[in-house]
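Residue numbers start from 1 in every chain, and the chains themselves are labelled A, B, ... in the order their sequence lines are given, proteins ahead of strands.
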Protein chains: 2
Amino acid sequence: MAEPRWRQIADDLRQKIEDGALGADGKPLPTELELQDEYEASRNTVRDAVKWLVGRGLVYTRSGQGTFVSQKIDPFVTVLQPNEPEGESTAFAFAVKNRSRTPDLSVPRVEIQVAYGVVAAELGLAAGASVVSRHQRRLIDGVPYSLQTTFYPMALVEQGATRLIQATDIAEGAVHYLEDLFKFKEAGRRDRFAVRAADANESAFFVLPDDGRVGVFELIRTGFDEAGQPFRVTVTTLPTDRNQFVLENGKVPALADGDDAPKSSSAEHKP
Amino acid sequence: MAEPRWRQIADDLRQKIEDGALGADGKPLPTELELQDEYEASRNTVRDAVKWLVGRGLVYTRSGQGTFVSQKIDPFVTVLQPNEPEGESTAFAFAVKNRSRTPDLSVPRVEIQVAYGVVAAELGLAAGASVVSRHQRRLIDGVPYSLQTTFYPMALVEQGATRLIQATDIAEGAVHYLEDLFKFKEAGRRDRFAVRAADANESAFFVLPDDGRVGVFELIRTGFDEAGQPFRVTVTTLPTDRNQFVLENGKVPALADGDDAPKSSSAEHKP
DNA sequence: GGGTATTTGTCCGTATGTATT
DNA sequence: AAATACATACGGACAAATACC
């Protein structure tokens, strides 16, 4: 069996979808019963084919309704400035370009936790040391955008940064607050980018499909003082299906507001 | 049916795997037949459960052998310097830290293409203009690392940059070659980061699972001259399952060589 | 709101193919 | 060659979700 039957069917459907012969203008694909007749295969076999398309994100199914081709979504574009000018927003510097989108920020949930794993490693703390965590959810135009938690060594609070443990937004940004309070500068930052599977919390908040197809960006930003000592770690997660990042270096023309985010270039660099 | 049977089984298996009760030390999970007995479900149902785990990347199956829990892989860490000092490697500045890894670079495949889509948009060319594309594959320690294509307007070749259309490596870097030849500087760069599904070529080169679970980073780097005119676009794709990026800004302590890349922080910032 | 038809989701049993040991 | 284990494929029954009258 060179190519399994379900795979042949899947490839055929994909071709027809890309040609626009199927599912155009939001119409559903043929029902499983119809496909069963068309391909002379059992319903379970055509279902396997459709499942493969679902796994590729090409189509989605709705119980009781049918199978539809997925629409590309207009991504959030987050610009990471290399040299932040000033007044960055809370904890994670970001700017979302595009047509008058309205951000929405939850009240921070503040907790005292024990540092472990990544947080302890990044802050250079012994596993078991206390940290303050400030957690926030972001929405843009009502769409879940990011989950963010910033961790500070408990020592900062003991030295007077009491606003860190209040569950209210720090308007000027927590980092700025610390800079003002302690008369120092965040001299450097290191960002780590990775992609991993979404956990249950993220799947629920971002409303991701259950099959684990859509991962999340995990951004770990560590802030250092002049002495090279880390004093905060911010962990931000964002779903990969609706987010892009832009990094600018040196002299770069402004990104036009209506500038379309690239869809895909896969056809353009093939081996 | 609050929770489907297959999902209950999947959750139970996941729990046991995470507890180390199953699949530890490389031993296979119980066979489908054994699971069928254990859970008193049909073989198809336990297969559905296992499929879900496979989709999550928690286990993999090998025909004729069994089902095994996936091992975490030691990721490549690519450092993106904000202000490249000098002598960046060909076309895409990168540095892979870690234990004496040996990079491997294919001979470039050079083509003359018609610009369209992303490339035309980024280079500010009319769709239909000619571009030179230089495509390379990278391996690290024999493991496929990236696919990369850089596009230059054909006009550069007509103005004398003839080495661009030769299928030989440009040791000092193509950008450096252009800078020397035309006495100008790459004054700025814009990087776009996105994640998308791998296409067939990428799946084959990177040896990705067929189910589309693993996406690829797509990095689009556009280089601008002093006048703000784009003169090259580099498209790089790397699988998300084995790559991380690090971005440093300002004064940051050196990244230790053996510094472990973070596994996951999902447990540490939950709503 | 209720009922019904449509469509996908779950679950079962069975048979046979293919890869690996 | 034989045994084992996963992969493919079929057919059937019922459940759950949705739309529509």
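- For the OP1/OP2 pair of D/dA5 and a distance below 4.0 Å, the side-chain nitrogens and oxygens of B/T67 include no atom meeting the criterion.
- Both B/L33 and A/A41 lie close to DNA chain D; mapped to their nearest nucleotides by heavy-atom distance, the more 5′-ward contact belongs to B/L33.
- Computed from coordinates, the B/F68 CZ to C/dA19 P distance equals 17 Å when rounded to whole Å.
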Enumerate the protein-to-nucleotides 12-14 of chain D contacts in which both atoms are nitrogen or oxygen and the separation is below 3.5 Å.
none

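- Among residues two or more places apart in sequence or in another chain, the salt bridge (charged side-chain N to carboxylate O under 4.0 Å, His left out) test is passed with B/E38 by B/K16.
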Under 3.5 Å donor-acceptor pairs involving side-chain atoms of residues 62-69 of chain A, not counting sequence neighbours:
{"from": "A/R62", "atom 1": "NE", "to": "A/Q65", "atom 2": "OE1", "distance (Å)": "2.9"}

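- Between the OH atom of B/Y60 and the P atom of C/dT20 there is a distance of 13 Å, given to the nearest Å.
- The CD atom of B/E32 sits 14 Å away from the C1' atom of C/dA19 (whole-angstrom rounding).
- Taking only side-chain nitrogens and oxygens, B/R62 never comes nearer than 4.0 Å to OP1 or OP2 of D/dA5.
- In this pair, A/F193 and B/F193 present their aromatic rings tilted. The plane angle is within the 30 to 60° band.
- Contacts of B/K27 classified as salt bridge (charged side-chain N to carboxylate O under 4.0 Å, His left out), with partners at least two apart in sequence or in another chain: B/D25.
- With sequence neighbours excluded, the residues satisfying salt bridge (charged side-chain N to carboxylate O under 4.0 Å, His left out) with A/D48 are A/K51.
- Between the CD atom of A/E3 and the P atom of C/dT18 there is a distance of 13 Å, given to the nearest Å.
- Between A/L53 atom CG and C/dT8 atom P there is a gap of 13 Å when expressed in whole angstrom units.
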Kindly give the atom pairs (protein nitrogen or oxygen, nucleotide nitrogen or oxygen) under 3.5 Å for nucleotides 3-6 of chain C.
none

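- Following rounding to the nearest Å, A/R47 (CZ) and D/dC10 (P) show an atom-to-atom distance of 14 Å.
- Ring geometry, A/F217 versus B/F217: the interplanar angle falls from 30° to 60°, so the pair is classed tilted.
- Look at CG on A/L35: it is 12 Å from C1' on C/dT7, rounded to the nearest Å.
- Applying the Watson-Crick and G-U wobble criteria (two distances, each under 3.5 Å), C/dT6 pairs with D/dA17.
- For the OP1/OP2 pair of D/dA9 and a distance below 4.0 Å, the side-chain nitrogens and oxygens of A/T45 include no atom meeting the criterion.
- For C/dT8, neither phosphate oxygen OP1 nor OP2 lies less than 4.0 angstrom from any side-chain nitrogen or oxygen of A/S63.
- Under 4.0 Å is where a charged nitrogen must lie from a carboxylate oxygen, and between B/R5 and B/E40 no such pair does.
- The nucleotide whose nearest atom lies closest to any side-chain atom of A/R5 is, among D/dA9, C/dT8, C/dC11, D/dA9.
- Every residue was checked against the salt bridge (charged side-chain N to carboxylate O under 4.0 Å, His left out) condition with A/D37, not counting sequence neighbours, and none meets it.
- For A/S70, the side chain to side chain contact (heavy atoms under 4.5 Å, CB included) partners at least two apart in sequence or on another chain are A/Y60.
- In this structure A/D11 satisfies the side chain to side chain contact (heavy atoms under 4.5 Å, CB included) test together with A/E3, A/R7, A/R14, A/W52, sequence neighbours excluded.
- For B/T61, taking side-chain heavy atoms from C-beta onward, the closest of the listed nucleotides D/dA9, C/dC12, D/dA7 is D/dA7.
- Side-chain proximity of B/W6 to D/dA9, C/dT8, C/dT10: nearest is C/dT10.
- As a whole-Å value, the separation of A/K51 NZ from C/dG9 C1' is 9 Å.
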